[in-house]
Number of protein chains: 2
Amino acid sequence: MVDAEGHPSRDEMELAAVLNALSDPLRYRVVQEFAELPDGTERTCLSFELGVSKSTLSHHFRILRESGLVQQINRGNSRKAHLRREDLEARFPGLLDLIGQNPPPRKDPADDADA
Amino acid sequence: MVDAEGHPSRDEMELAAVLNALSDPLRYRVVQEFAELPDGTERTCLSFELGVSKSTLSHHFRILRESGLVQQINRGNSRKAHLRREDLEARFPGLLDLIGQNPPPRKDPADDADA
DNA sequence: CCCAAGGTTCGGTTTTTGTCGAACCTGAGA
DNA sequence: TCTCAGGTTCGACAAAAACCGAACCTTGGG
């Protein structure tokens, strides 16, 4: 089963849950940013400049965590998240490459131009 | 650009849009079923037994269409949909394999058992 | 010519999901 | 010990998405 913090084991990961997690633009950005960073990189939730409140951030990281995309580890004072690269690659081969190679589409500049 | 029916060209496909399309259980089922069928298989929307009304079905197929996952072709009386395998494989290599190999998680029987 | 089948569009309702602020917990460090 | 930074939880609210029925369009076939 999942551990106390709600992390699924590798075998329990569901593609549907992962895709659902990735369907939110903010969460996609987090995973995409992670995918471009060196393996094992740890970051705090706050280090992502997502422009939402702490509680919302916590909510999004819960979904990332429970889908299996990231793991969060208590480091005493803080809490560090990292991409579960090895598990994801084993369970859903190729998925992370896809995400790493597809940065989120940013707002079309034309939207500002003639809005 | 997209053609009159709203199909993006291969280059215009956005992974974010595709993942978003796949994040709905019904739409996931459609794509997953297609993925298991022989290449080029054509089906009508209605042929998927999704248990929703026609208008809802139309809504879901629009999202599948506009994300680039399926193409719908007018066949006079009817309208046939098929998976855009070649385009998807070129644009997002490995994605269809992932879906084909991960059937949707069905309702946990325990839900009915002690509900 | 009319009908039926397959789809779409258009409101409007319901459900889900993202969002916030406030209160709270934890541990590092002054 | 007090404080503060990082996170979580809770309840409420707002935005988005799913869903439906009804009216409508198109075309093949009787």
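Proteins get letters first, then strands, A, B, ... in listed order; numbering begins at 1 in each. Please read these numbers as outputs of a predicted model, since none were measured by experiment.
- With sequence neighbours excluded, the residues that form a salt bridge (charged side-chain N to carboxylate O under 4.0 Å, His left out) with Glu66(A) are Arg62(A).
- Atom CE in Met13(A) sits 12.0 Å away from atom CG in Asn102(B) (nearest 0.5 Å).
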* Structure fact -> Quick tally for nucleotides 25-30 of chain C: nucleotides whose base has a protein heavy atom under 4.0 Å get B, sugar-phosphate-only ones S, the rest -, giving --BS--
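- Partners of Asp24(A) under the salt bridge (charged side-chain N to carboxylate O under 4.0 Å, His left out) rule, at least two apart in sequence or in another chain, do not exist in this structure.
- Residues from residues 13-45 of chain B that place a heavy atom under 4.0 Å from any atom of DNA chain C, listed by number: Thr44(B), Cys45(B).
- Separating the CD1 atom in Ile99(A) from the CD atom in Glu36(A) is a distance of 11.5 Å, to the nearest 0.5 Å.
- The span of DNA chain D lying next to chain B, judged by atoms under 4.0 Å from heavy atoms, is bounded 5' to 3' by dA18(D) to dG28(D).
- Of the residues in residues 52-64 of chain B, those with a non-hydrogen atom less than 4.0 angstrom from any atom of DNA chain D are Val52(B), Ser53(B), Ser55(B), Thr56(B), His59(B), His60(B), Ile63(B).
- Atom NE2 of His59(B) and atom CG of Leu64(B) lie 9.5 Å apart (nearest 0.5 Å).
- Evaluation of the salt bridge (charged side-chain N to carboxylate O under 4.0 Å, His left out) test over residues 87-103 of chain B, restricted to residues two or more places apart or in two chains, returns Arg10(B)-Asp87(B), Arg84(B)-Asp87(B).
- For residues 10-31 of chain B, there are no ring-ring contact (aromatic ring centres under 6.0 Å, His included) pairs, not counting sequence neighbours.
- A salt bridge (charged side-chain N to carboxylate O under 4.0 Å, His left out) check over residues 71-82 of chain A, counting only residues at least two apart or in different chains, returns the pairs Glu42(A)-Arg75(A).
- At distances below 3.5 Å, at least one donor-acceptor pair connects side-chain atoms of Ser23(B) with backbone N or O atoms of Asn20(B).
- Residues meeting the salt bridge (charged side-chain N to carboxylate O under 4.0 Å, His left out) test with Asp39(B), sequence neighbours left out: Arg85(B).
- Legend: residues meeting side chain to side chain donor-acceptor pair (under 3.5 Å) with His60(A), ordered by chain and number and at least two apart, are Arg27(A).
- Under the side-chain contact (heavy atoms from CB on, under 4.5 Å) criterion, Glu33(B) pairs with Arg43(B), Phe48(B), not counting sequence neighbours.
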